Amino acid sequence: MRDTLRVQLWPLPTLCVTLAVVAGVGLPRLDGRIRHDMPPWLADYLFGGSADAARSVLGAIAGSLVTVTALTFSLTVVTLQLASSQFSPRLLRTFSADRYVQTTLALFLATFTYALTVLRTVRTGEDGRTGFVPQVSVSVAFLLTLASVFALVLFLSHLAREIRIETMMSSVHSAADRTLHRLLAKRQDTTAEDPPAALPDPPANALTLTAGASGFLTSVDEEALVKAAVEADALVLIDRLPGSSLIAGTPMGAAWPRTEEPLSPAARTHLVEAVSEAVRTGPERTDLQDVAFGLRQLTDIAAKALSPGINDPTTAVHALSHSAALLCELARRDLGPRLLRDDDEQVRAVLRRPDLRDLLDLAVSQPLRYGAAEPAVLTRIAMLLRELSWCSAPDQHPPITAALARLRSTIDTQNFQASEHMRLTELIALVDEALAGRWTHGRSR
């Protein structure tokens, strides 16, 4: 729920509008109590006009803030449309989660609401009623208006910066980096006697676990999953990756008893229902438990930049640079299956996570396919493989070797100039050296 609210534009403005209504009702009452006891030096700094002047000021504030809020919404919508069509629809979460945009909209709407609420308390003294001008309340409205003016200027500056593609890619990179640091532990050195964890093979009579709802796998309630496994005295395997698409009623994992005794019909039914509730789906991918989501966004940017309608290989090269940095950091992390243990440190559930092969294929395959005729893109892919070879352990080299073979095959099928072909061949040789633990200086760019 926190992740859902974080990427919505309405929660913070709604909260601020509510507070503005409360302040618009409460401050005039405070005005009425302290107006006769107010020190002269304080009154000199407050609004000193008549009731008509107060109404004019509050009406002008309310009217101008409506216009400014409409402008802000329009600019935000245009920015979202640009990010979706020009770069990737999956970047919309980055914009909608922008606290600066949410705060600016909240301030504008709160100022508008506050001015209207205070306006209703101003009385001119006609028809025998006692005149009333809430000096403190009108002064607060004036201060909120000044803050809104400054916020508008800063918002325009912020928006001009945020729509730049380099800023977008940096934001995606930062979010992905936070996700992998939150979810993945540092990689431990493994030996033949202590191999990394692997997905268990379910027995032939394993209970098939099916998805309860269609959508993208956004998260797994690990505590609920372990509890269900302990109650059934079973081992649960979820073999679908975070971010993958689930279809209701189709298999997403398996469960089997930890002892020789089979699961009773009641235990099987309860286990299926509990696991279905623990595995949560949503209408879109999120970075809640999906370490590959950032790479997916960067690859989308690279693929869109290489489309014939945009034809921007420089952007694709920059996106591959961010992907290379993420892959190098991921190679230093534990990418094996996540083992969930009970209070007795017994493994009760196993969650599949992407390995280096999955991540490297995600980052390289589409740019290699769509940029096959662009030497700059192939050059950056070769450098990515070289950098990843240097940062990875020997047991992680097979997927890099496979990607290098695909790159070599792609280069051989293209009709490049002799100098371009020679340059790419040299880079491939540098990747081989990096795989062997050698880095030759002065031969890369």
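From a predicted model like this one, the values you see are computed outputs, not experimental measurements.
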Dump the intermediate steps for side chain to side chain contact (heavy atoms under 4.5 Å, CB included) on Phe108 and Leu152, then the final yes or no.
CA-CA 9 Å; Phe108 291 167; Leu152 176 61; 3.9 Å; yes

Take Arg258 and Gln346 through the test side chain to side chain contact (heavy atoms under 4.5 Å, CB included) and record every step on the way to the result.
CA-CA 11 Å; Arg258 298 176 67 250; Gln346 298 297 316; 3.4 Å; yes

Any side-chain hydrogen bond (donor to acceptor under 3.5 Å, both in side chains) involving residues 263-272? Give me the pairs, sequence neighbours left out, ordered by first then second residue.
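Listed by first then second residue: Glu231-His270.
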
Under the side-chain hydrogen bond (donor to acceptor under 3.5 Å, both in side chains) rule, what pairs show up with a residue in residues 108-121, not counting sequence neighbours?
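Counting only pairs at least two positions apart or across chains, the side-chain hydrogen bond (donor to acceptor under 3.5 Å, both in side chains) contacts touching residues 108-121 are Thr111-Ser148.
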
Could you check Val431 against Leu427 for side chain to side chain contact (heavy atoms under 4.5 Å, CB included), going step by step and ending with a plain yes or no?
CA-CA 6 Å; Val431 178; Leu427 285 174; 5.7 Å; no

Would you list the pairs meeting ring-ring contact (aromatic ring centres under 6.0 Å, His included) in which at least one residue belongs to [range], sequence neighbours left out?
range	answer
residues 351-392	Trp390-Trp439
residues 312-356	His173-His322
residues 329-358	none

[atom1]-[atom2] distance between [X] and [Y], expressed to the nearest 0.5 angstrom:
X	Y	atom1	atom2	answer
Thr440	Arg386	OG1	CZ	6.5 Å
Leu330	Cys391	CG	SG	11.0 Å
Leu320	Met383	CG	CE	11.0 Å
Thr103	Leu154	OG1	CG	12.0 Å
Leu388	Leu360	CG	CG	6.0 Å
Glu273	Leu209	CD	CG	12.0 Å

pair [X]-[Y]: side-chain heavy atoms closer than 4.5 Å:
X	Y	answer
Arg333	Leu183	no
Thr179	Leu288	no
Thr210	Thr250	no
Pro200	Val350	yes
Ile238	Leu225	yes
Arg280	Ser219	yes
Thr76	Phe155	yes
Val347	Leu235	yes

Which atom names give the shortest non-hydrogen contact between [X] and [Y], and what distance separates them?
X	Y	result
Leu306	Pro313	CD2-CA, 4.0 Å
Phe216	Gly243	CD2-O, 3.3 Å
Ala110	Ala20	O-CB, 3.3 Å
Ile400	Ser392	CD1-OG, 3.4 Å
Val118	Pro134	CG1-CG, 4.0 Å
Gly294	Val172	O-CG1, 3.6 Å

Donor-acceptor pair, side chain of [X] and main chain of [Y], under 3.5 angstrom:
X	Y	result
Thr299	Leu362	yes
Ser174	Ser171	no
Glu277	Ala274	no
Asp358	Asp355	yes
Gln289	Val220	yes
Glu387	Ala324	no
Arg182	Asp177	no
Ser409	Ala405	no

Presence of salt bridge, [Y] and [X], under 4.0 angstrom:
X	Y	answer
Asp239	Arg352	no
Asp300	Arg296	yes
Asp287	Arg90	no
Asp233	Arg348	yes
Glu329	Arg332	yes

Residues in side-chain hydrogen bond (donor to acceptor under 3.5 Å, both in side chains) contact with Ser321, at least two apart in sequence or another chain:
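Residues passing side-chain hydrogen bond (donor to acceptor under 3.5 Å, both in side chains) with Ser321: Arg380.
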
Scan side-chain atoms only and decide if Gln102 and Arg99 contain a donor-acceptor pair under the 3.5 Å cut-off.
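Side chains of Gln102 and Arg99: pair found under 3.5 Å.
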
Listed partners of [X] passing side-chain contact (heavy atoms from CB on, under 4.5 Å), at least two apart:
X	result
Arg353	Leu184, Asp334, Arg338
Arg438	Glu433, Ala436
Arg240	Leu217, Ser244, Leu246, Met252
Ala70	none

Pair listing, salt bridge (Lys or Arg N to Asp or Glu O under 4.0 Å) test, anchored in residues 150-168, at least two apart
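Salt bridge (Lys or Arg N to Asp or Glu O under 4.0 Å) check on residues 150-168 returns no pairs.
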
Please say whether more than 12 non-hydrogen atoms of neighbouring residues, nucleotides or ligands are located less than 6.0 Å from CZ in Phe416.
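Correct, the count exceeds 12.
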
Considering residues, nucleotides and ligands other than Arg29, do more than 12 of their heavy atoms fall under 6.0 Å from its CZ?
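12 or below, so no.
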
In sequence, state the C-alpha distance, the side-chain angles, and the governing distance for Trp256 and Leu237, and then conclude on side chain to side chain contact (heavy atoms under 4.5 Å, CB included).
CA-CA 9 Å; Trp256 57 95; Leu237 167 65; 4.1 Å; yes

Checking His158 now: which residues fulfil ring-ring contact (aromatic ring centres under 6.0 Å, His included) with it, not counting sequence neighbours?
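With sequence neighbours excluded, His158 shows a ring-ring contact (aromatic ring centres under 6.0 Å, His included) to Tyr100, given in chain and number order.
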
